[in-house]
Each structure stands twice: as structure tokens, then as C-alpha cells.
There are 2 protein chains.
Amino acid sequence: MSDKQDQRPSNNLAEQVMARLSADIRGGRLAPGARLPTEQALTAELGVSRTVVREAVAALRADGLVVTRRGSGAYVADPAAGPFRIAASTDTTLDDILSVMELRRAVEVEAAALAAERASRRQVAAMRTAWRSIDAALKRGEGAVAEDFTFHRTIAEATGNDQFPRFLAYLGGHVIPRQSVRLSVDTPAERRAYLERIQHEHARIVSAISDGDVVEARRAMREHLTRSLERYRALAGGKNTHSGGSSHGRR
Amino acid sequence: MSDKQDQRPSNNLAEQVMARLSADIRGGRLAPGARLPTEQALTAELGVSRTVVREAVAALRADGLVVTRRGSGAYVADPAAGPFRIAASTDTTLDDILSVMELRRAVEVEAAALAAERASRRQVAAMRTAWRSIDAALKRGEGAVAEDFTFHRTIAEATGNDQFPRFLAYLGGHVIPRQSVRLSVDTPAERRAYLERIQHEHARIVSAISDGDVVEARRAMREHLTRSLERYRALAGGKNTHSGGSSHGRR
DNA sequence: TTTCTAAAGTTGTCTGACAACTTTTCTGAC
DNA sequence: GTCAGAAAAGTTGTCAGACAACTTTAGAAA
């Protein structure tokens, strides 16, 4: 339930066919391992040319939903495991961004802890270099969003687990671009104070990681990202205590 | 660096063309917003038919890497944000699974904390129901992997943040299937003892969430998943202290 | 300079054909 | 009756050509 698809008419026939087949697969009407109708059958059933059907199947194959075997047919992929993606359409609300930021916080807090356990001297040095880059950008009066992202990436890389930087990079594309909005609402003085506090938080994170202090690294990163979240939440109007929306009285 | 692609010859021309274009985009040779070569140009340059080129572009469009405008051309999508996916090819190593499990732990530990803050009475009841389903399955002598997954999903849903269950569902497809391996190496007695301990851990997690005890919920979930990780790590031969592989002496 | 029109360029769709490969069916020997 | 091999049918992969729908550019006219 609640898949939130882009359900526009899509003047593209191939996309319509793809949406149809994709729904059949995710809806369970086509079980994993089952064979799709032949291209000929689909052209007849849907009233489109084979070109369109083939492009639709190519798209499904790119999403990992089906595999094709020449001479045999197209089959639903085993774990029906399409890629993970975040809506990222035009109707992204502030609540959507908060949801993604919470997910990001979960990953980065743990990344800081793992980095404190595992970071090499060289990786810690990379963090300090990234920190100084932010400082330099701030002194130039810039927002330093790219430098900030690089800083967080160096921590993710220090986990020794490639999934962390990869996932962070993915999330970054969905959160970072809007940070300019956040910064633009303040006066220059407020903004400068804010950015300096951020840098101080960054420094504490690096210190903890450098010391191998897992607990403190986690705490510092959590505080850093939680403040970022709170700031966003305030922007949302303060009426939501969390991204869920609907209230539910417990206790 | 270190992208770890499936670089098999791939007897499918369209996939080769797609890989080529995909690399051009991710490698920055085609900047966001830039126009791709026309289909005609690609057919000439790559020596393939227009059918092949069109299928490749359709695949890229499905991945969100390009958008096409009829009569105008194909353009690199703005945030160049393809979907997040985990390798999941045939050559998945134990280290790969450990990497994913660490990412999962990061997300689920935070999910338990958020659930402790936000879960409604109904959602807590759903957790207890899922817990009893595991119990019933164990009494029937089953492995209860599906029930276990449902249990964890109820917690993710109780965060009120849709990203958590969605991401967990995605990761589940890459980790859960292999749990059968884990269970098959034990004697029935060992296995039973293990599963009962798991259930005890589950119960502590639910209690903490039900009490609204954020710290304890986090701790219980972390302990639960860390033990799972350690078990896997032992299987890997114990020679790796973490998934990174290469050693790097610090301190 | 501005505006309208025509032309060229580009993607979207259809049709037909053949190659490469897999699955099924048929045939013949035992 | 059973099995092995060959033939046939079925299916995806690739190529080629054509036209429709739409966009961009170039040119003509005011």
C-alpha cells in the first residue's frame, strides 16, 4: 500500500506498457520465476508494436525486475528486488525531506561509530583536510555545501564498508540540494553564527573518531544531525512533532 | 573508484550500449543537463542499429539517468541520481553480506528508537502479534524467516516514517534469503536454542518500545543485530575483524 | 527588429525481415 | 516401448526503412 507512483498519462507508450508489466510483477500477478507473455502476445493484447514492447522489457530489465533469455522468453527475476529509490518527483514536501533526513541520521550516526572503531590515520587526516576546506569556504563567505558533503563522505568511507558512502551519496542527491533554501532565510549574521557552530560540531566528531571513542562519536554525530533536523522541522511550521503527520494519542 | 560493476561481455548489445552511456554519465563526461548524442549519431559511432540504441536509452530512462523530449533530444537528468542498488550478482561474497547487514543494523537500531518515541498502541499490538507468529512457527519446528521479517517490519512501520520500512524491505531481499545457510549448519538442538534466544531478544525490544524507553529500545535492537552479525562473521572464518578486508594498523 | 512561415532535425511508433538460440515434436533404430 | 538424434516450431536479438509528432532553426516578410 501507499506506493506513491507518478501516475501521469505519460504520452510515451513504452512507459505505459512498462508501468503495466511492473504493476503485474509487484502486484504478484506475475510470480517470481514465471515467464512473461511473449512479445507477440503482448503486441496483440496491448495493441502496440513490438518496438514498444521491447523497449518496455528493456526498461524492466534495467530495473532488475526481469531477465530475458534469448530463444526462451522473459522471466520475472527471483527476489523481485527492484532498486531502492526515493520519490524525488516534483511534489516533494517538507515532510518527505524530513523522512529522508531521519534515514540519513540513522546511517551517519552508525557510520561515525564504525569510523571511530576502524578509521586509519590516513582517513582521519582526510577528515581534518575536509574540515579545513569547509573553514576556508566559510572564510570566503560561501555556504560550503559541497565541502560539507565531502566531510561527511570521508567519515562514511572510514567505516571500511563501501555501502555507507554509497548510500550516503545516494541520499545526498535528495537532501543536499535543498539546503540552500534553509540558508537563504537567515540574516548574514545568523547564518554565520550557525555555520560556525556547525564547524564546532564537526570538530567534536573528528576528535571522537580520532580518539577511537565510539560512544562519543555516535553522540556527537547524532547531536549534529538532530540539530539539522530540528531546524528543518521548525521551517515546516512546527505543527508536526514528527514526519508521520497524523496524531495518535498514546500514554 | 571501486565501483565493482558486472563487467561480463553481455551478449546483449543494448546492455553494452547502456553500460557505455551510463559510464559516460556517472563519469562526468556527460554533465547533468547536457544533451546526449542523437540516436543517429550513436548508431553511426557505435555501429549498431537504432533499435539497440533506443532500447539502451529506454533502460537509462527507467533508471532515471536521462529524460527524453520528443523532437528535441535526450538529456542527462538533473541530479544524476540513479537508484540505489546493491550489487546482488552471482559473485556475492560473505563480506558483501556483512556490509549490508551493518547498514541494516544502522537503520534498524534507529527505527527501534523512533518506534519507542512514536509507536501507537495499535502498532505495539502488531509487534506482539508478529512475535507470537514467530513463536507459533518455532513450535511447528520451522525457521520462521518470513515471520521474523514481518516482526522487524512492524517496528519499521511504527517509526511513522515510510522510508524505514521501504528501505528495510529493500535490504531484506538481499540479506534474508541467505539466512537459511546460517541455520543449516547447526544441529537441531543448537538451532532451537539459538532461535529461542532470538525470541527472547525480540521480546525485550518490544517491551522497550512499549514502555517508550528510547535508550533501551536502541540498546536491545543493537544487541540483537550485533549478535546476528557476529554469528555471520564467525562463519566467514573469523579472519576478518570487519568487512573492509585490508588491515591498517592504527594505535 | 520583430513576427510569421517553412524547413530541417529529432524522438516515437509501426512494419517486415532475418539471425541466433531454445524448446518441442517427430522420426527412426534398437 | 524406449531412447537418440534430427527436424520443426517458437522466441528473443538485431537490422533496415518508413512515417508521424514534435521541436528547433533558418529564412522571409512586415
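Naming: A, B, ... by sequence-line order, numbering from 1 per chain.
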Visitor: Return the set of residues passing side chain to side chain contact (heavy atoms under 4.5 Å, CB included) with Thr129(B) (not counting sequence neighbours), or none when no residue passes.
Guide: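 Per chain and number, Thr129(B) pairs via side chain to side chain contact (heavy atoms under 4.5 Å, CB included) with Arg132(B).
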Visitor: Using salt bridge (Lys or Arg N to Asp or Glu O under 4.0 Å) as the criterion, list what pairs up with Glu110(A), not counting sequence neighbours.
Guide: Arg218(A), Arg105(B), Arg222(B)
Visitor: Between Arg69(A) and Gly47(A), name the one whose nearest nucleotide on DNA chain C is closer to the 5' end.
Guide: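 Between the two, 5'-proximity favours Gly47(A).
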Visitor: What are the two closest non-hydrogen atoms of Leu65(A) and Ser22(A), and how far apart are they?
Guide: CD2-OG, 3.9 Å
Visitor: How would you list, by chain and number, every residue that makes a salt bridge (Lys or Arg N to Asp or Glu O under 4.0 Å) with Arg50(B), sequence neighbours excluded?
Guide: Glu39(B)
Visitor: Taking side chain to side chain donor-acceptor pair (under 3.5 Å) as the definition, give me every residue that meets it alongside Gln40(B), ordered by chain and number, with sequence neighbours left out.
Guide: none
Visitor: Applying side chain to side chain contact (heavy atoms under 4.5 Å, CB included), name anything that partners Ala56(B), two or more places apart in sequence or on another chain.
Guide: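 Val17(B), Met18(B).
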Visitor: By side chain to side chain donor-acceptor pair (under 3.5 Å), which residues pair with Ser72(A), not counting sequence neighbours?
Guide: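 If we apply the side chain to side chain donor-acceptor pair (under 3.5 Å) test to Ser72(A), skipping adjacent residues, the hits are Tyr75(A).
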Visitor: Sequence neighbours left out, what passes side chain to side chain donor-acceptor pair (under 3.5 Å) with Thr68(B)? Give chain and number order.
Guide: Arg61(B)
Visitor: With a 4.0 Å heavy-atom cut-off, tell me which residues in residues 39-46 of chain B come close to DNA chain D, sorted by residue number.
Guide: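 Close to the strand, none.
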Visitor: Going 5' to 3' along DNA chain D, between which two nucleotides do contacts with chain A fall, using a heavy-atom cut-off of 4.0 Å?
Guide: dG10(D) to dT14(D)
Visitor: Could you check Tyr75(B) against Thr68(A) and say which one's nearest nucleotide on DNA chain D is further toward the 5' end?
Guide: Thr68(A)
Visitor: Report the residues that fulfil side chain to side chain donor-acceptor pair (under 3.5 Å) with Thr38(B), sequence neighbours left out, ordered by chain and then residue number.
Guide: none
Visitor: Go through residues 49-62 of chain A and report each residue with a non-hydrogen atom lying under 4.0 Å from DNA chain C, sorted by number.
Guide: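 Those residues are Ser49(A), Arg50(A), Thr51(A), Val52(A).
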Visitor: Can you list everything that forms a salt bridge (Lys or Arg N to Asp or Glu O under 4.0 Å) with Arg69(B)? Sequence neighbours excluded, please.
Guide: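 Result, salt bridge (Lys or Arg N to Asp or Glu O under 4.0 Å) vs Arg69(B): none returned.
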